[in-house]
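Quantities reported herein were computed from a predicted structural model and do not represent experimental measurements. Quick note: numbers below take in every heavy atom, side chains included, and nothing from hydrogens, waters or symmetry partners. Starting from 1, each residue takes its place in the sequence as its number.
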Amino acid sequence: MPKPNIEFAAELYKAILTLKTVEECEMFFKDLCTIPELKALSQRFAVAKMLDNDMVYNKIVESTGASTATISRVKRSLEYENAGGYNLVFSRLKDKE
């Protein structure tokens, strides 16, 4: 399987960091992503938050419509393949509350 082009990813991350408001993020991501891609990203983030709050699978399925495979994939990312991004964002969101 070919590796993703890290150079392109770095440029994307830099572009995202220029956004200042929720509205700007919404505009950018609506241009960048298809509706299904945006739905998938949003759903995964919601699943991650629910898992972080120790919600059980059947409640997550009921709340998000995510498949158990998606929930398992997100859980694996949180527990074993964690790059720290979810925890960083969750911490910063809690600080803002």
Side-chain angles (χ1 to χ4, degrees):
M1 180 186 295
K3 290 185 179 180
N5 189 321
I6 301 303
E7 179 185 334
F8 293 155
E11 290 299 314
L12 174 62
Y13 303 149
K14 289 176 190 174
I16 292 168
L17 288 172
T18 68
L19 302 169
K20 294 184 169 109
T21 65
V22 172
E23 291 77 19
E24 288 180 359
C25 286
E26 183 178 355
M27 288 169 37
F28 180 72
F29 279 93
K30 279 183 175 179
D31 285 345
L32 180 67
C33 300
T34 64
I35 298 295
E37 289 168 336
L38 196 50
K39 260 183 90 171
L41 290 170
S42 301
Q43 185 184 64
R44 282 188 209 123
F45 186 69
V47 166
K49 283 179 68 176
M50 292 175 187
L51 287 169
D52 189 58
N53 289 316
D54 299 318
M55 191 177 281
V56 295
Y57 274 42
N58 62 338
K59 292 287 185 189
I60 297 172
V61 169
E62 187 179 300
S63 297
T64 66
S67 68
T68 55
T70 295
I71 298 168
S72 295
R73 204 172 308 122
V74 172
K75 184 176 179 86
R76 203 169 38 252
S77 180
L78 280 166
E79 292 181 350
Y80 306 111
E81 303 163 7
N82 192 346
Y86 280 129
N87 293 332
L88 176 66
V89 169
F90 294 155
S91 174
R92 288 184 180 168
L93 287 172
K94 285 176 188 167
D95 288 347
K96 284 189 172 191
E97 291 176 354

Just how far is it from atom [atom1] of [X] to atom [atom2] of [Y], taken to the nearest 0.5 Å?
X: Tyr57; Y: Met50; atom1: OH; atom2: CE; answer: 14.0 Å
X: Phe29; Y: Ile16; atom1: CZ; atom2: CD1; answer: 4.0 Å
X: Lys59; Y: Glu62; atom1: NZ; atom2: CD; answer: 5.0 Å
X: Glu26; Y: Leu38; atom1: CD; atom2: CG; answer: 8.5 Å

Restricting to non-hydrogen atoms, name the atom on [X] and the atom on [Y] that form the minimum distance, rounded to 0.1 Å.
X: Ile60; Y: Met55; value: CD1-O, 3.6 Å
X: Leu51; Y: Ile71; value: CD1-O, 3.8 Å
X: Leu41; Y: Cys33; value: CD1-SG, 4.1 Å

Checking [X] side chain against [Y] main chain: does a donor-acceptor pair fall under 3.5 Å?
X: Ser77; Y: Arg73; result: no
X: Gln43; Y: Lys39; result: no
X: Thr70; Y: Ala66; result: no
X: Glu37; Y: Thr34; result: yes

| request: Compute the centroid of each ring, for Phe45 and then for Phe90, and state whether the two points are separated by less than 6.0 Å. | output: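 Centroid separation for Phe45 and Phe90: below 6.0 Å.
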
| request: Decide yes or no for Ser91 and Asp95: does some side-chain heavy atom of the first lie under 4.5 Å from some side-chain heavy atom of the second? | output: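 Touching, per the 4.5 Å side-chain cut-off.
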
| message | Using a strict threshold of under 4.0 Å (side-chain N to carboxylate O), is an ion pair present between Asp52 and Lys75? | response |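 No salt bridge links Lys75 with Asp52.
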
| In terms of hydrophobic clusters joined by side-chain contacts under 4.5 Å, are Leu93 and Leu78 together? |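 Same cluster.
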
| message | When you group the ILVMFWY residues by side-chain heavy-atom contacts below 4.5 Å and let the links chain together, are Val22 and Met27 in the same group? | response |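 In one cluster with Met27: Val22, no.
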
